[in-house]
Structures are given as structure tokens and as C-alpha cells.
Amino acid sequence: MGSSTVISISDGDNQRVAGPDDDQEMKKKFQFSLLPIFSYLRSSGQKNRLQVSCVPPIISDLREKTNKQDMRKLIHSFKVGIALVLVSFLYLLDPLFSQVGENAMWAIMTVVVIFEFFAGATLSKGLNRGIGTILGGGLGCLAAALAQEVGGIGNAIVVGASVFIFAAVATYVRQVPNIKKRYDYGAMIFILTFSLVVVSGIRAEKVMRLARERLSTIGMGFVTCIFISLLVFPVWASDELHDSIASNFEHLAHSIEGCLEEYINATTFTNEKENQPIANFNRCKSILNSKSKDESLANFAKWEPWHGKFGLYYPWIKYLQIGEHLRELAATILSLKGCLQSPRQPPTAQRERIKEPCEAVGSILTWSLRELGESISKMRKCHAGTSIVPKLKSTRAEISSVSTNCKVDHQDIDHEYQDGGLAMATFVFILMEIVEKVEELAKEVDELGELAGFRSHHELA
């Protein structure tokens with residue numbers, strides 16, 4: 001390339017054309033002036049990479065789960081929109097409208113009412129609505145026909161008596177716990193359909209034709225919902241319950257780790273922000289409030305067909321029992337919060353005596369919980385009776401030896417050490433309770449493996 005001329009602008013009137021030497025000089029100056037910028041960008045990039053790498057794994061897992069949940073919600077919204085468009089064709093297209101008429105609106109109502117987030121919930125509401133509509137419509141037609149045969153004042157008596165009897169019986173049945181869990185919506189639809197058909201006051205033959213047309217359109221909406229819910233990116237309640245129960249073991253293990261590390265290694269316990277316990281109790285609180293969610297997921301999972309790793313008669317009731325034990329363990333771990341935040345704390349010298357035994361107990365507890373959670377997650381036998389339970393029993397002996405070290409002589413030790421010994425005794429007692437509850441959990445997981453047919457390591461390999 002040819003040489004280029006560079007014009008340098010001065011403060012005064014002396015302007016000159018720069019030659020090749022000046023050009024080289026300016027390039028060098030320009031090059032040296034960019035070096036600090038490049039070095040700053042490199043250092044800032046390294047800092048950013050360091051900050052990203054220092055993000056705790058549990059936070060990154062929460063972000064990943066949040067993004068996944070948002071994507072599932074978006075997909076569900078699209079699925080509902082597609083289902084409504086499909087059933088709207090019954091009303092929008094003339095050939096289809098000539099067949100179903102104004103009853104096409106019942107198909108749209110069915111999609112809006114029964115399409116739920118989980119596939120099992122959609123199946124549950126759809127089948128409940130279908131059964132309730134058929135039974136309510138059929139019995140309503142019979143009662144209307146009987147009222148027409150009686151005629152006169154007897155017509156109103158038959159209608160009133162039938163509505164009272166069937167509505168009262170169905171409402172009483174709805175309050176039975178086992179019926180309420182699975183068939184409450186169907187009972188409500190039965191009362192609604194029966195009352196509308198009987199009180200309509202039209203002739204029996206017209207009631208039969210109207211019921212048949214509406215039932216057919218409701219069936220079209222139901223089939224559309226089931227087709228899209230089961231075949232287009234299905235969201236299974238069974239997978240949700242399975243993953244939720246398995247992940248709760250990891251959350252509780254992380255909370256125990258934080259509690260023990262804070263209690264043993266802390267030198268001062270104040271209410272300042274930087275000295276707050278590092279244990280995260282938010283997950284424990286969410287586990288405590290998970291009973292209704294687990295029961296709903298288990299109910300929906302029972303309605304779902306055979307898919308993936310879950311059969312038709314999978315023991316979902318066992319998941320509810322494990323969830324109950326997890327809630328008890330979470331409540332016990334939360335009781336450690338009082339030990340961590342109490343103003344009466346043992347001196348450092350007293351904590352040093354129980355440091356090693358408590359660290360050993362904590363490692364056994366966290367290992368056991370993670371092993372149980374992994375056993376459920378991977379659906380493999382953990383053989384808790386031969387691997388986990390014996391270690392937990394030996395851990396009890398270690399804790400009992402620690403409790404003897406917490407005893408103090410009230411005559412020879414001052415008031416501060418007496419309070420410290422009491423605080424340590426409380427901490428050790430709660431730790432012993434945690435060991436017992438983890439042992440019960442291990443037995444429950446072992447029973448789940450037997451009932452669900454978990455495979456051993458050799459079978460999985």
C-alpha cells in the first residue's frame with residue numbers, strides 16, 4: 001500500500017503535513033496508549049470469570065430449575081391456545097357447525113375447564129367431568145320422564161323431591177375423605193347436570209336429544225385436551241413428585257452441613273448481619289409446607305397412564321409417607337436454629353471438645369441423606385439395612401459419648417460454663433433426634449425400593 005499523509009492539528013496557526021517518520025511515531029504512541037485499555041479489559045474479564053465460577057452450585061441449580069419451570073409454563077400456555085383453536089373450528093367452519101350447532105360452545109368450555117398443567121390433572125378433571133355428566137344427565141332424564149308421566153301438581157313434587165334426594169346424597173358423598181380427594185369435581189358436575197336437566201321442564205324426548213348433543217361436544221373437547229396434554233410435551237405429575245422428594249434429601253443434607261459448620265466453627269454469636277448462621281433454612285420451611293402439594297401430585301400421578309419408569313400400580317402412597325418423615329426431619333433441623341441464634345452460647349473451649357465427634361456425626365448424616373436421595377432419584381436399591389442403618393446406630397453411640405462431655409459440675413464451674421453446658425446438651429440432644437429420624441427415613445426408602453422394584457447396581461450396569 002502507498003504511504004498516507006497524516007495532518008496534525010496544533011493549537012496555533014502552525015500546521016504542517018506529517019511525514020512518514022511522524023506517521024510511524026504516532027502509530028507507536030497509539031499502540032502504547034491502547035495497552036492499558038487491553039490490560040484493563042483482560043483483568044475485568046478474569047474478575048468476571050472468577051465471580052461466575054464462585055457462584056455456589058445450589059444457586060446455579062435454582063436458576064436452572066427456575067428457567068426450566070418458566071419454559072414449561074410457556075409451553076403449557078401454547079398448548080392451551082392450540083387446543084382452543086382446534087375446538088373453535090367446530091363453531092367457525094360451516095360443515096362442522098351444521099353438525100353440532102350451538103352446542104359447539106360446550107367443547108370450548110370443556111377445554112377451558114379441564115386443561116391443567118399436569119397431564120394427570122387433565123385426565124382427572126376430564127374423566128370426572130365425563131362421568132359426572134353421564135350419570136347426572138342419565139338420571140336427570142329418567143326423573144324428568146317420570147315427572148312428565150305423573151303430570152299436574154305431581155310434576156313439581158317429583159322434580160323437587162328428586163333434586164333434594166340426589167343433591168343431598170351427592171353432597172354427603174363429596175365429604176368422604178377418599179371420595180373428596182379423587183372424585184370431588186365429578187360429584188359437583190353430577191349435581192349441576194342433574195339439577196339442570198330435571199328443572200329444565202322440557203319434554204323427555206327433547207331432553208334426550210339435547211343431552212346427547214352436548215355430551216358429544218363435551219367428548220370432543222375432552223379428546224382434544226387429552227391428545228395435546230399427553231402427546232405434545234407432556235408434563236407428568238409423577239416425575240414432579242419423584243424429583244421433588246429426591247431433591248429434598250439434598251436440601252436437608254445441605255442444611256445440616258451449614259448448622260454444624262456454624263455451631264462448631266463460630267467463635268462469636270451476635271445478631272449482626274455478617275455473623276448470621278450460614279445454614280439456609282428456607283428450604284426446610286418449604287419442605288414443611290409441602291404436604292398439600294405432595295398429596296395433589298400423588299393424586300394426579302395415580303390417574304396417569306404407564307409412562308417411562310412408572311407403571312400403573314406404582315406405590316405413590318409410599319412417597320407421601322417418606323414426605324411426612326422428611327417434614328419431621330425438617331422441623332427438627334429448624335429447631336437447631338434456636339441453638340444457633342440463642343444469646344447463651346458455650347465458650348470456644350467447650351465447643352472444641354465436641355468438634356471432632358460432631359463433625360463425624362455430620363458427615364455420616366449428610367452422606368446418608370445424599371445416598372438415600374440418590375437411591376430414589378436413580379431408582380436403585382440402597383440396601384439401607386446393611387449399609388446405612390448400621391453406621392447410624394454407631395453414630396448414636398458417638399453422640400451419647402459426646403453428651404457425657406456436656407455435663408458440668410455446678411459447684412466448681414461458674415455460671416457462664418453452666419449455661420454453655422446446657423446449650424451444648426440441647427444441641428447434642430437435637431442432633432440425636434436427627435440421627436433417629438434419618439434412620440427411620442432409611443428404612444422407608446428401603447421399603448419403597450422393594451415395593452417399586454428398584455434395581456441393584458449390577459442390574460443397572
Side-chain angles (χ1 to χ4, degrees), residues 59-97 99-133 182 184-186 188-189 214-247 286 290 292-312 314 316 377:
I59 296 179
S60 61
D61 292 341
L62 290 175
R63 290 177 181 174
E64 184 179 354
K65 290 180 180 179
T66 302
N67 295 334
K68 183 179 178 181
Q69 186 70 12
D70 292 340
M71 182 58 65
R72 291 165 65 185
K73 291 178 181 178
L74 183 62
I75 293 174
H76 174 70
S77 303
F78 278 104
K79 288 163 63 176
V80 174
I82 293 172
L84 286 173
V85 168
L86 291 178
V87 296
S88 297
F89 288 154
L90 295 174
Y91 198 86
L92 298 176
L93 300 179
D94 292 336
L96 297 177
F97 181 77
Q99 298 293 326
V100 297
E102 296 291 339
N103 292 313
M105 286 298 179
W106 286 89
I108 299 176
M109 292 174 58
T110 302
V111 171
V112 173
V113 170
I114 74 171
F115 208 122
E116 296 288 340
F117 185 76
F118 295 106
T122 304
L123 272 171
S124 174
K125 289 192 87 173
L127 292 176
N128 271 278
R129 185 177 179 83
I131 294 173
T133 302
R182 303 194 65 180
D184 181 69
Y185 183 70
M188 182 185 67
I189 294 297
R214 290 187 177 179
L215 187 61
S216 63
T217 54
I218 291 173
M220 293 177 188
F222 171 72
V223 171
T224 303
C225 290
I226 297 303
F227 178 80
I228 295 178
S229 181
L230 297 184
L231 300 181
V232 181
F233 298 103
V235 181
W236 304 107
S238 53
D239 291 336
E240 185 77 12
L241 178 61
H242 180 82
D243 296 338
S244 175
I245 294 294
S247 63
S286 65
S290 64
S292 60
K293 176 186 175 183
D294 291 348
E295 289 180 349
S296 299
L297 290 175
N299 182 29
F300 298 150
K302 294 176 182 178
W303 289 93
E304 291 176 352
W306 191 332
H307 65 281
K309 51 193 176 183
F310 304 113
L312 292 176
Y314 197 77
W316 297 114
S377 178

Quick one: does any side-chain atom of [X] pair with a main-chain N or O of [Y] as donor and acceptor, under 3.5 Å?
X	Y	result
Lys125	Val113	yes
Thr122	Glu116	yes
Asn299	Gly120	no
Ser296	Ser292	yes

Nearest 0.5 Å, what's the [atom1]-[atom2] distance between [X] and [Y]?
X	Y	atom1	atom2	value
Ser124	Lys302	OG	NZ	11.5 Å
Leu241	Ser290	CG	OG	9.5 Å
Arg182	Leu127	CZ	CG	10.0 Å
Asp294	Glu240	CG	CD	10.0 Å
Ile218	Met109	CD1	CE	8.0 Å
Gln69	Leu74	CD	CG	12.0 Å

Can you see which heavy atom on [X] is nearest to which on [Y], and at what distance?
X	Y	result
Ala237	Ala301	CB-N, 4.2 Å
Cys225	Phe115	SG-CD1, 3.7 Å
Gly221	Val111	O-CG2, 3.9 Å

Working for side chain to side chain contact (heavy atoms under 4.5 Å, CB included), residues Phe222 and Arg129: CA-CA 9 Å; Phe222 171 72; Arg129 185 177 179 83; over 6 Å; no
Partner of Thr133 under side chain to side chain contact (heavy atoms under 4.5 Å, CB included), chosen from Asn128, Ile189, Thr110: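 Answer after filtering Asn128, Ile189, Thr110: Ile189.
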Any side-chain heavy atom of [X] within less than 4.5 Å of one from [Y]?
X	Y	result
Lys68	Arg72	yes
Leu123	Pro305	yes
Phe310	His242	yes
Trp236	His307	yes

Donor-acceptor pairs under 3.5 Å, side chain of residues 79-90 to any protein atom, not counting sequence neighbours: which ones?
unit_1	atom_1	unit_2	atom_2	d
Lys79	NZ	Val232	O	3.1
Lys79	NZ	Phe233	O	3.2
Ser88	OG	Leu84	O	2.5

Which residues share a ring-ring contact (aromatic ring centres under 6.0 Å, His included) with Tyr185, sequence neighbours left out: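 In terms of ring-ring contact (aromatic ring centres under 6.0 Å, His included), with neighbours along the sequence ignored, Tyr185 is linked to no residue.
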